[in-house]
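Heads up, the thing below is written out as structure tokens.
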Amino acid sequence: MKGLYCRTSVSTAEPEFVIQETNLPEALDSHQVRVQVKACGLSPLDLKLLDDMGMLRDLIPVGREIAGVVLQVGDKVSFFQTDDEVIGILPLDSPCSGLCDTIDIDEHLLVQKPEKLSSVCVAGALRDGLCAYTALHTYAHMAAGHTLLVMDGASSFGLMCVQLASYHGVKVLTTSHTPQTHTFLEQLRPSVAKVIPVYKDSSDLLSVVLEETGGLGVDIIIDSGVRLQEESSEEMKLLPHKHDIISVLGVGGHWVTSHKDLQLDPPDCRLLHLKSSSVTFLNSEVWTTSSAQQGRYLHILKDIVEKMSTGVLRPQPEEAVPLYEATVSMETVQRQQKKKAVVQL
């Protein structure tokens, strides 16, 4: 069978994606499940993270968010049986590509897929749901009555944050990057308290947020990237400056950032100290790289798919591409020209 892999040993600036033949072992391990993949989500590969973890190798399997049907179970598997529909995220060190017809995966990394939830929908939205849940529940300890600011609420991750927070009775403010996304966010139900159009003037962010919160600032900020200094590119100008983020944070607030190389200067730290606020780095990979909170991880996955099946979380539909277009799609995703893609097998 064929799978999609990233070749890192070539001397080009960009990673090369190739279709490779691969085989599964005949026998399953005791706690493994053999799954026939129906759909697989493609997200950018973080080669720096793999290098830091000592997992960088010549051929890296691509495609980790999978939805499929159980074909076979190991002799000690207790959670699943043949023909169960399942979803999960393959671990970083998985030898299998999620685009293989069948894969072997540990039963403790899978949960049941609700029958009415489509494989394409869940494979495309699972990682964003996990990131949103981790940011809001695990790190920011969201509760009813809190005020939340989500940067770029129309992105796939931002939309999950907005919908999850609204469901829990949180007052949501968000930013829009284009007139089209501004209209989309204003039409969301349940509605958000305020949509701030940063494409007009990003300097309005501080004044609008303080006006909306009576000068108190917000309890939680979820960013989608940060501007560390004055940037010339139009895309970077849409991102908030780190000083603006700290300025709109309320006393005891939580800032959850996706910016891997965030640099805080002494004045920034001093302001955070005065507000007794915290900064947390969002890295969803910790759930599969450490088994310290395996039970909580499975609970989160179950809750995400449950909320998707009941319509609490409504990800924007992602058009599935066939397997023969997977290489081109992954190259587009890796270059950040597209946030993600879903391949239907």
Report summary line: The single option from Val218, Ile221, Leu149 that satisfies side-chain contact (heavy atoms from CB on, under 4.5 Å) with Trp255 is Ile221

Query raised in the report: Are Phe184 and Val198 connected, step by step, through hydrophobic side chains (Ile, Leu, Val, Met, Phe, Trp, Tyr) whose heavy atoms are closer than 4.5 Å?
Result: no

Query raised in the report: Looking at CD of Glu212 and OG1 of Thr147, how far apart are the two atoms once the value is rounded to the nearest 0.5 Å?
Result: 9.5 Å

**Report entry** In one Ile/Leu/Val/Met/Phe/Trp/Tyr side-chain cluster, 4.5 Å: Leu205, Val172
**Finding:** no

Query raised in the report: For Glu21, does the CD atom sit with more than 12 other heavy atoms under 6.0 Å from it, leaving out its own atoms?
Result: yes

Report task. Ignoring hydrogens and angles, tell me if any N or O in the side chain of Thr181 forms a donor-acceptor pair with the backbone of Ser176 under 3.5 Å. Result -> no

Query raised in the report: Heavy atoms, side chains only, cut-off 4.5 Å: are Leu49 and Leu92 in contact?
Result: yes

Query raised in the report: With the 4.5 Å side-chain cut-off for hydrophobic clustering, are Phe281 and Leu249 part of the same group?
Result: yes

Report task. Show the numbers, then the answer: is there a side chain to side chain contact (heavy atoms under 4.5 Å, CB included) between Thr102 and Gln36? Result -> CA-CA 4 Å; Thr102 52; Gln36 181 183 7; 4.3 Å; yes

Query raised in the report: Under the ring-ring contact (aromatic ring centres under 6.0 Å, His included) test, which residues partner His299, sequence neighbours left out?
Result: none

Query raised in the report: Do any N or O atoms from the side chain of Lys275 and from the backbone of Ile246 form a donor-acceptor pair under 3.5 angstrom?
Result: yes

Query raised in the report: Closest approach of Glu318 and Ala341, non-hydrogen atoms and distance?
Result: OE2-CA, 4.4 Å

Query raised in the report: Just by distance, do the side chain of Ser97 and the backbone of Val62 share a donor-acceptor pair under 3.5 Å?
Result: yes

Report task. Answer yes or no: is there a donor N or O on one side and an acceptor on the other, between the side chain of Asp268 and the main chain of Asp265, under 3.5 Å? Result -> yes

**Report entry** Hydrophobic cluster identity match, Leu298 and Val35, side-chain contacts under 4.5 Å
**Finding:** yes

Report summary line: Minimal heavy-atom distance between Cys269 and Leu264, with the atoms involved, is SG-CB, 3.9 Å

Query raised in the report: Any side-chain heavy atom of Ile222 within less than 4.5 Å of one from Phe157?
Result: yes

Query raised in the report: Are any non-hydrogen side-chain atoms of Cys96 and Leu24 less than 4.5 angstrom apart?
Result: yes

Report task. Let me know which of Ile304, Leu117, Val342 forms a side-chain contact (heavy atoms from CB on, under 4.5 Å) with Val122. Result -> Leu117

Query raised in the report: Which atom names give the shortest non-hydrogen contact between Tyr199 and Leu238, and what distance separates them?
Result: CA-CD2, 3.6 Å

Query - Verdict with supporting geometry, Ile89 and Leu109, side chain to side chain contact (heavy atoms under 4.5 Å, CB included) - result: CA-CA 7 Å; Ile89 299 176; Leu109 296 171; over 6 Å; no

Query raised in the report: Are Met151 and Ile245 close enough that some pair of their side-chain heavy atoms sits under 4.5 Å apart?
Result: yes

Query raised in the report: Got a second to check how far Glu306's CD is from Leu313's CG, nearest 0.5 Å?
Result: 11.0 Å

**Report entry** Sidechain-backbone polar pair: Lys340 side chain, Gly41 backbone, donor-acceptor under 3.5 Å
**Finding:** no

Report task. Check step by step if side chain to side chain contact (heavy atoms under 4.5 Å, CB included) holds for Phe17 and Leu45. Result -> CA-CA 11 Å; Phe17 296 98; Leu45 273 180; 4.0 Å; yes

Query raised in the report: Heavy atoms, side chains only, cut-off 4.5 Å: are Leu42 and Leu99 in contact?
Result: yes

Requested in this report: Consider only side-chain heavy atoms of I, L, V, M, F, W and Y, link residues closer than 4.5 Å, and tell whether Met330 and Val321 are in one cluster.
Outcome: yes

Report summary line: Output for pair (Arg296 CZ, His137 NE2), nearest 0.5 Å, gives 11.0 Å

Query raised in the report: What is the distance from atom CD1 of Ile66 to atom SG of Cys40, rounded to the nearest 0.5 Å?
Result: 7.5 Å

**Report entry** Whether Asp101 side chain and Lys2 backbone form a donor-acceptor pair below 3.5 Å
**Finding:** no

Requested in this report: Report yes if the side chains of Asn283 and Thr289 come closer than 4.5 Å at any heavy-atom pair, otherwise no.
Outcome: no

Query raised in the report: Within the side chain of Ser166, is there an N or O that forms a donor-acceptor pair under 3.5 Å with the backbone of Ser191?
Result: no

Query - Test item: Lys307 side-chain N/O and Leu164 main-chain N/O as donor-acceptor pair under 3.5 Å - result: no

Query - OG-CG distance between Ser247 and Leu206, expressed to the nearest 0.5 angstrom - result: 5.5 Å

Requested in this report: Quick one: list whatever passes ring-ring contact (aromatic ring centres under 6.0 Å, His included) with His243, sequence neighbours left out.
Outcome: none

Query raised in the report: Mind checking what makes side-chain contact (heavy atoms from CB on, under 4.5 Å) contact with Ser78, not counting sequence neighbours?
Result: Glu107

Query raised in the report: Do side-chain atoms of Ser207 reach the backbone of Asp204 as a donor and acceptor pair under 3.5 angstrom?
Result: yes

Query raised in the report: When rounded to the nearest 0.5 angstrom, what distance separates CE in Met55 from CD in Glu285?
Result: 9.0 Å

Query raised in the report: Do the side chains of Glu85 and Gln112 get nearer than 4.5 Å, heavy atoms only?
Result: no

Query raised in the report: Between Met142 and Leu148, is any pair of side-chain heavy atoms under 4.5 Å apart?
Result: no

Requested in this report: Taking all non-hydrogen atoms of both residues into account, name the closest pair between Ala27 and Arg34 and its distance.
Outcome: O-NH2, 4.5 Å

Requested in this report: Please work out which of the three classes, parallel, tilted or perpendicular, describes the rings of Tyr297 and Trp287, given edges at 30° and 60°.
Outcome: parallel

Report task. For side chain to side chain contact (heavy atoms under 4.5 Å, CB included), just list the numbers for Thr22 and Cys100, CA-CA rounded to whole Å, side-chain angles, deciding distance to a tenth of an Å, and then say yes or no. Result -> CA-CA 8 Å; Thr22 184; Cys100 294; 3.5 Å; yes

Query raised in the report: Distance-only, no hydrogens or angles: does the Asp84 side chain make a donor-acceptor pair with backbone N or O of Gln81 under 3.5 Å?
Result: yes

